[in-house]
Structures are given as C-alpha cells and as structure tokens.
Novice: 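I'd like to ask you about the structure that follows.
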Amino acid sequence: MSSNIRIQKVCLHCKKVFTAKITVTKFCSDDCAKRNYKLRIKVKKVEASVSEAMLSIK
C-alpha cells in the first residue's frame, strides 16, 4: 500500500528544509545521513578517549 503524503521536514545534519515521503525520515539525502553517521562515530571515539584520560589522571 503506497501513500501520497508529503511532509516538510528539516534535515538533522545540514538544517535545510526538504520534502519527506515517509514520517520517519531524518535526513534530506543519503550524503547527509552518511556524514551524520561519521560525525556520531567521531564524537563517540573522542568521548571514549576523554573519559579514558580522566580515569588515568585520577
């Protein structure tokens, strides 16, 4: 069953307005989704490094 709804949303990565075909869409393009994934992985690694450094200081 297909739907013809179109929803105006804001991309979580680049903050541009785009038209989504389904309600759970978060990013305007595959590129934004990939860039956001890489950013999340980078942030997770940095947080792990900082917490490890804080543990070694104590």
Side-chain angles (χ1 to χ4, degrees):
M1 192 162 131
S2 65
S3 175
N4 291 329
I5 67 169
R6 301 288 189 255
I7 303 167
Q8 292 294 314
K9 288 191 144 194
V10 178
C11 178
L12 292 180
H13 184 72
C14 68
K15 308 296 187 229
K16 292 182 182 176
V17 176
F18 69 100
T19 303
K21 294 180 183 177
I22 58 176
T23 59
V24 295
T25 304
K26 296 179 182 178
F27 304 105
C28 63
S29 66
D30 190 44
D31 287 337
C32 278
K34 289 176 181 177
R35 288 179 183 138
N36 191 271
Y37 171 76
K38 293 282 189 177
L39 183 63
R40 289 192 317 256
I41 297 299
K42 181 180 178 181
V43 167
K44 194 180 290 186
K45 285 182 180 181
V46 169
E47 287 175 351
S49 176
V50 168
S51 65
E52 183 180 313
M54 293 303 284
L55 287 175
S56 67
I57 291 173
K58 291 181 181 179

Novice: Once salt bridge (charged side-chain N to carboxylate O under 4.0 Å, His left out) is applied, what residue pairs with a partner in residues 27-37 remain, sequence neighbours excluded?
Specialist: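 Non-adjacent pairs meeting salt bridge (charged side-chain N to carboxylate O under 4.0 Å, His left out): Asp30-Lys34.
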Novice: Side-chain donor-acceptor pairs under 3.5 Å in residues 17-27, sequence neighbours left out?
Specialist:
from	atom 1	to	atom 2	distance (Å)
Thr19	OG1	Gln8	NE2	2.8
Thr25	OG1	Ile22	O	3.3

Novice: Kindly state each residue pair satisfying side chain to side chain donor-acceptor pair (under 3.5 Å) with at least one member in residues 38-48, sequence neighbours excluded.
Specialist: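 Matches after skipping sequence neighbours: Asn36-Arg40.
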Novice: Minimum heavy-atom separation for Cys28 to Cys11, with atom names?
Specialist: N-SG, 3.5 Å
Novice: Can you name the side chain to side chain contact (heavy atoms under 4.5 Å, CB included) partners of Val50, sequence neighbours left out?
Specialist: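 Applying side chain to side chain contact (heavy atoms under 4.5 Å, CB included) to Val50 gives Val46, Met54.
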